[in-house]
Amino acid sequence: MTFYDVIVIGGGAAGLSGATALGRARRSVLVVDAGRPRNAPSAHLHGFLGRDGASPAELLATGREEVRRYGGEIAEASVTSAEPVGAAFRVGLDDGTFHRSRRLLLATGVTDELPDVAGVAGRWGRDVLHCPYCHGWEVRDRRIGVLATGPMGLHQALLWRQWTPDVTLFLHTCEQPGADEMEKVLARGITVVDGTAAALEVDADRLTGVRMADGRSVACDALVVGPRPQADLALAASLGLEVTESERNGIVLGNHVKVDAAGATSVRGVWAAGNVTDLTAQVAPSAAAGMLAGAAINADLIEEETRRAVESRTAEGYWDGLYRERDRIWSGDPNASLVAEVCDLKPGTALDLGSGEGGDAIWLAGQGWRVTGVDVSPLALARAADHADSAGVADRVEWRHCDLEEDFPGGSFDLVTASFLHSPLGLESRRVLRAAADAVAPSGTLLIIGHAPGDHGAAHTHADLPTPEQIITHLNPDPATWRVERAETVAREGSDRPDTIVKLTRTT
Ligand SMILES: Cc1cc2nc3c(=O)[nH]c(=O)nc-3n(C[C@H](O)[C@H](O)[C@H](O)COP(=O)(O)OP(=O)(O)OC[C@H]3O[C@@H](n4cnc5c(N)ncnc54)[C@H](O)[C@@H]3O)c2cc1C
């Protein structure tokens, strides 16, 4: 599993443009593309400034190269699942792999539902067409048929008349037009053919005409149809994105993902661009929308990073910022080393330093200890109090807000424990360790558990994880008062990261 700044789902014009913008903004990007762009059946694309006449496949191959040039990665696969996990997203691919990202760009395009007439699907994008701006020039002055499957058929016939004087309107499954509509069509010299079309007629791999259900044959060189562009909204649904109806000239085309002007969807962290947000957008507007969304995602990440940087200037801000990222950061289970070291101690009073969401403190309370849990994050303390309530031990735990660098809770305790009290801000300073020792009551125990020094990956970037020996040196325990029970590095079950354990008993 790899963690990216952004995963782009769909590598057509929209997705690749967004990925290029993000790569150039030095973001880590993965584009997952199933390789079925909408215009794949066409040999050439038009109406895209600078690339007129390029093949769709060639344009996307160049686009992929551009994404890679700026460090982006391309996976040739289908995304089968996408879900929010905390403040990030988890994306599953049909090759069985999973990836995570901080943001998502959905650019899955549409597929076209074609009229059910024999031969139409096989010639789609060749001499069965829909958009005059894409292909009108190429068939100018030829015999063009328009297959009406609804009221848009009349509109298409009038539109295509701009490219040729020879237009035939096949009424096919369209209702008989009203007198006003017929007047317009006839005034423009368009021939109207009643009856249902049955099949296309082809000779030497070229369209020659339409065979009607009643056996008539009507000649034409190209046939215009009205496809129903359908966005696959399964991923949008699993992400909870709002969708809305697409309508053109009063006719409902289908549903698309609802976005604002920069492509932001109704769900925080998810953007969408291209045909999935606008069923009729051509290549240039789709690419533009992807570019805008890429820039907006980068701006959003910058805003988050700046907020975190400001928050991280204080311990409270840093930890509250971390806890805000997800509803739950830690497992809720007590640390295994704490359980092992404490289970045969007689319960009394306990002080848990850096109590987080309360896993250790709540377990201790359940074992009969009367616990004071201390943390710098008010958010973590609030969660811990809720969890103690649910565990039925709220009356045995007191939660205290305290920045241990500035202050230390008063009183003495039979057990003072600090499990993984690590921080990029250096909370495990000698002063805190010594104050912890001072808070141990006679015959009481000081238990310090942490990560052993070594590579702990991006999740633990603390520069100075102390060894057991360094902790003992910091504490400098007087042998007349303290007995060192343990000071060692131990393997933790189920983890390749060892723990440091230091356990001392105050003898007087
Ligand atoms: C026959 C035809 C000819 C056209 N000719 C022109 C033209 O000449 N000029 C023009 O401007 N426009 C043309 N268009 C319109 C053009 O195809 C669209 O504007 C453009 O493809 C939209 O880009 P997009 O990135 O939104 O979607 P697409 O280009 O369709 O790209 C979407 C990509 O997402 C992938 N995808 C979908 N679901 C998943 C998933 N779950 N996981 C991973 N990948 C996924 C798809 O396989 C596809 O590769 C034509 C359309 C058709 C139908």
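For ligands, and for the atoms within them, numbers begin at 1 and follow the listed sequence. All values reported here derive from a predicted model rather than from experimental measurement.
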Check your understanding: Have T277 and N275 got a donor and an acceptor in their side chains that come within less than 3.5 Å?
Key -> no
Exercise for review: Starting from atom 41 (N) of ligand 1, locate the nearest protein heavy atom and write down its residue, its atom name and how far away it is, to 0.1 Å.
Suggested key: V79 O, 3.1 Å
Review point. Looking only at protein heavy atoms, which one is nearest to atom 34 (O) of ligand 1, and how far off is it?
Key: G10 CA, 3.2 Å
**Study point:** Enumerated ligand 1 atoms positioned under 4.0 Å from heavy atoms of D112
**Key:** 53 (C)
Practice item. Taking only heavy atoms of S286 into account, list the atoms of ligand 1 that are under 4.0 Å away from them. Key: 19 (O), 22 (C), 23 (O)
Study note, to complete from the structure: re atom 35 (C) of ligand 1, the protein heavy-atom contact at minimum distance is D33 OD1, 3.2 Å
Exercise for review: Among all protein heavy atoms, pick the one closest to atom 37 (C) of ligand 1 and tell me residue, atom and distance.
Suggested key: T108 O, 3.3 Å
Practice item. Would you please determine whether Y133 falls within less than 4.0 Å of ligand 1 on a heavy-atom basis? Key: no
**Study point:** Those atoms of ligand 1 less than 4.0 Å from some heavy atom in A281
**Key:** 18 (C), 19 (O)
**Study point:** Polar atom proximity, A14 to ligand 1 (N or O, under 3.5 Å)
**Key:** yes
Practice item. Could you tell me whether ligand 1 has any atom less than 4.0 Å away from a heavy atom of D232? Key: no
Review point. Going by the order shown, which atoms of ligand 1 are within less than 4.0 Å of some heavy atom of N275?
Key: 18 (C), 19 (O), 20 (C), 22 (C), 26 (O)
Review point. For W124, is at least one N or O under 3.5 Å away from an N or O on ligand 1?
Key: no
Study note, to complete from the structure: Of all protein heavy atoms, the one nearest atom 11 (O) of ligand 1 is V283 N, 2.9 Å
**Study point:** Closest protein heavy atom (residue, atom, distance) for atom 52 (C) of ligand 1
**Key:** H130 CE1, 3.6 Å
Practice item. May I ask you to identify the nearest protein heavy atom to atom 13 (C) of ligand 1, giving residue, atom name and distance to one decimal place in Å? Key: C134 SG, 3.4 Å
Practice item. May I ask you to check if ligand 1 and R38 share an N or O to N or O distance below 3.5 Å? Key: yes
**Study point:** Closest contact, heavy atoms only, R326 versus R383
**Key:** O-NH2, 2.9 Å
Review point. To the nearest 0.1 Å, how far is atom 31 (O) of ligand 1 from its closest protein heavy atom, and which atom is that?
Key: G12 CA, 3.4 Å
Check your understanding: Do any nitrogen or oxygen atoms of H46 lie less than 3.5 angstrom from nitrogen or oxygen atoms of ligand 1?
Key -> yes
Review point. Which of the numbered atoms in ligand 1 are below 4.0 angstrom from a heavy atom of G274?
Key: 26 (O)
Practice item. Look only at interatomic distance and state if A34 has a nitrogen or oxygen under 3.5 Å from any nitrogen or oxygen of ligand 1. Key: yes
Check your understanding: Should D333 and W363 be marked as a side chain to side chain contact (heavy atoms under 4.5 Å, CB included) after you check the CA-CA gap, both sets of side-chain angles, and the distance that decides it?
Key -> CA-CA 8 Å; D333 298 328; W363 179 81; over 6 Å; no
Point to revise | Close approach of L60 to ligand 1, heavy atoms, under 4.0 angstrom | key: no
Revision key, fill the gap. Here the atoms of ligand 1 under 4.0 Å from any heavy atom belonging to A13 are 25 (O)
Exercise for review: Look at ligand 1 and say whether A77 reaches it with a heavy atom at a distance under 4.0 Å.
Suggested key: yes
Practice item. Consider ligand 1: state whether an atom of it lies below 4.0 angstrom from any non-hydrogen atom of S42. Key: yes
Check your understanding: Has R100 got its NZ or CZ under 6.0 Å from the middle of the six-membered ring of F3, at an angle within 45 degrees of the ring axis?
Key -> no
Review point. Backbone, side chain, both or neither: what part of A107 comes under 4.0 angstrom of ligand 1, heavy atoms only?
Key: backbone
Exercise for review: Select one of side chain, backbone, both or neither to describe which atoms of L235 lie under 4.0 Å from any atom of ligand 1, heavy atoms only.
Suggested key: side chain
